[in-house]
Protein chains: 2
Amino acid sequence: MKDPLEQWLEELLEKHEGERMTDKQSRILRAAVEVFAEKGYSGAATSEIAQRAGVAEGTIFRHYRTKKDLLYSIVAPFVARLIEPFVLRDLYPLIDNPHPTFEGFIRGILDNRIAFAEKNIKVIRILLQEVPFHPELREQFLSKVADRVLRKITNVVNHYREQGHIVEVPPLTAVRLVGSTLFGYLIVRFLFAPTGWDDSLEREATVQYILHGLSSRIEAK
Amino acid sequence: MKDPLEQWLEELLEKHEGERMTDKQSRILRAAVEVFAEKGYSGAATSEIAQRAGVAEGTIFRHYRTKKDLLYSIVAPFVARLIEPFVLRDLYPLIDNPHPTFEGFIRGILDNRIAFAEKNIKVIRILLQEVPFHPELREQFLSKVADRVLRKITNVVNHYREQGHIVEVPPLTAVRLVGSTLFGYLIVRFLFAPTGWDDSLEREATVQYILHGLSSRIEAK
DNA sequence: CATCAAAATGAGTGATTACTCACTTTTTAT
DNA sequence: ATAAAAAGTGAGTAATCACTCATTTTGATG
């Protein structure tokens, strides 16, 4: 089985700037992802990145003008990827030709985001750690993810609400509730990684929690 | 109205080590909380902490042997506080003489944790940012919070499950689901702080989401 | 093989880092 | 009032930081 990070980096290397990267340049990126994830941006030394990549320190600065440029070259395309396949590949078909049930929609979202997180834990970790310290990063993240994704999802939520599948709450609130449940699942599974985690059980419980939490209420005594 | 951080620091200053702190020492702590929250541990310079506190840099190292000691002196008592009032003040009465309804219990937890977060945003921010980089911190956090708190909460969950108030899921799963919903509420409210946030509406929606997500299912159709 | 531009190098730069220590000031005890 | 202890100081230190640059290596082209 192929290392998912490997796969992601390859795509990044091929597509980035049109031209292909040199061997050393890709090793710099790989090492930078490692060290940033381990020590955070401030705690990561360019000397260590160079050492782990097996290149001279000067080589880093031949390709990236500053250390911050190096960070952005890793995180920026990831932010784009965070939404692009999500919105375009999964959401558009769901909007244009939505899944008949809210349950089917939720299961689809869960599967998709779990697969995405599985592939990109390290870069996600970097993003979560550095966003608080880099206003430009936060701005880019919010303007892309928040504005574009939320608007799209809001449409979908409205659709199911109109169909009477889910309860009457502001769509943004619904997104927050589902989002935090999904996020909690991902954090516990990938960052805490508890022993004896029965994934199919946990996943099913999570789906049921979301469905019952949002589905139209049946008044009972 | 009094600054909540002020209040927390005062308690910390009085109780810490039994003896009272000097004026300069408390100003060092205050400044350290500021700078750590703004720049993270690695990004924070002791020179800047000294400057903001209005003391000489040497004074910091008279009271704290290393920069890491300074961080721990802020975070460690907070971790204790994270559980102490939570477990003892709120949970024990709920276990010994539990709230008759699951709904009442959830509302109580929500109120309590919201108030706590409101008081301690800055230190929470430091804790969230630094836990990934300090294994000792993570260990302490997990051994105290995870083990002790989770065990206590598990009992409460079991209680409501036996009473038939909530659905049949593993107690730890229930804690994860409620926890992530509560956590999501806190993050969105305090860290994102969206404009036009209708708190009473959001809070009620969150409670309803949790209650319906976990309450015993009524088979329909 | 010769040419040349891009890639790579690593010693060197000044700035900044956490931390020390000899010394002065303030507080406490008698 | 005086001595002892504790608190505070700031110049100084070695280490490390991100980054530069003159020089060498590499790889493609004629």
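So you know, we letter chains A, B, ... as the sequences are listed, proteins then strands, and number each from 1. FYI, side chains are in, hydrogens and waters are out, and symmetry mates aren't considered; it's all heavy atoms of this structure.
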Under 3.5 Å, which donor-acceptor pairs link side chains of residues 176-194 of chain A to any protein atom two or more places apart or in another chain?
from     : atom 1 : to       : atom 2 : distance (Å)
A:Arg176 : NE     : B:Glu202 : OE1    : 3.4
A:Arg176 : NH1    : B:Thr206 : OG1    : 3.3
A:Arg176 : NH2    : B:Glu202 : O      : 3.4
A:Arg176 : NH2    : B:Glu202 : OE1    : 2.8
A:Arg176 : NH2    : B:Thr206 : OG1    : 2.9
A:Ser180 : OG     : A:Arg176 : O      : 3.0
A:Ser180 : OG     : A:Leu177 : O      : 3.1
A:Thr181 : OG1    : A:Leu177 : O      : 2.9
A:Thr181 : OG1    : B:Tyr209 : OH     : 2.8
A:Tyr185 : OH     : A:Arg189 : NH1    : 3.0
A:Tyr185 : OH     : A:Asp199 : OD1    : 2.7
A:Arg189 : NH1    : A:Asp199 : OD1    : 3.4
A:Arg189 : NH1    : A:Asp199 : OD2    : 3.4
A:Arg189 : NH2    : A:Glu118 : OE2    : 3.2

- Query: Going by the ring-ring contact (aromatic ring centres under 6.0 Å, His included) test, which pairs reach into residues 117-138 of chain A, not counting sequence neighbours?
  - Reply: A:Tyr41-A:His134

- Message: With no hydrogens and no angle check, just 3.5 Å: does a side-chain donor-acceptor pair link B:Glu57 and B:Thr46?
- Response: yes

- Neighbour count above 12 (heavy atom, 6.0 Å) for B:Glu204 CD: yes

- Item | Student check: side-chain heavy atoms of B:Leu29 and B:Leu70 closer than 4.5 Å | yes

- Task: Just report the end-to-end axis angle for the helix from C:dC1-D:dG30 to C:dT30-D:dA1, five pairs per end, to 10 degrees.
- Result: 20°

- Between B:Ile49 and B:Ala31, the two heavy atoms sitting closest are O-CB, 3.6 Å

- B:Ala37 versus B:Arg125, closest heavy-atom pair with distance: O-CD, 3.9 Å

- Task: Extract, from 5' to 3' on DNA chain D, the first and final nucleotides lying under 4.0 angstrom from some heavy atom of chain B.
- Result: D:dA7 to D:dG10

- Message: Return whichever of B:Val55 or A:Phe61 has its heavy-atom-nearest nucleotide of DNA chain D closer to the 5' end.
- Response: B:Val55

- Query: Any side-chain heavy atom of B:Thr59 within less than 4.5 Å of one from B:Gln25?
  - Reply: no

- Query: Quick one, which residues of residues 37-54 of chain B touch DNA chain D with a heavy atom under 4.0 Å?
  - Reply: none

- Query: Does a sphere of radius 6.0 Å around CZ in A:Arg138 hold more than 12 heavy atoms from other residues, nucleotides or ligands, not counting ones at 6.0 Å or beyond?
  - Reply: yes

- Item | Closest contact, heavy atoms only, B:Ala44 versus B:Lys39 | N-CB, 4.0 Å

- Tightest non-hydrogen contact, residues B:Ala117 and B:Ile124, listed as CA-CD1, 3.9 Å

- Item | Nearest heavy-atom neighbours spanning B:Gln129 and B:Phe36 | OE1-O, 3.9 Å

- Task: Tell me, please, the opening and closing nucleotides of DNA chain C, 5' to 3', among those with an atom under 4.0 angstrom from a non-hydrogen atom of chain B.
- Result: C:dT17 to C:dA22

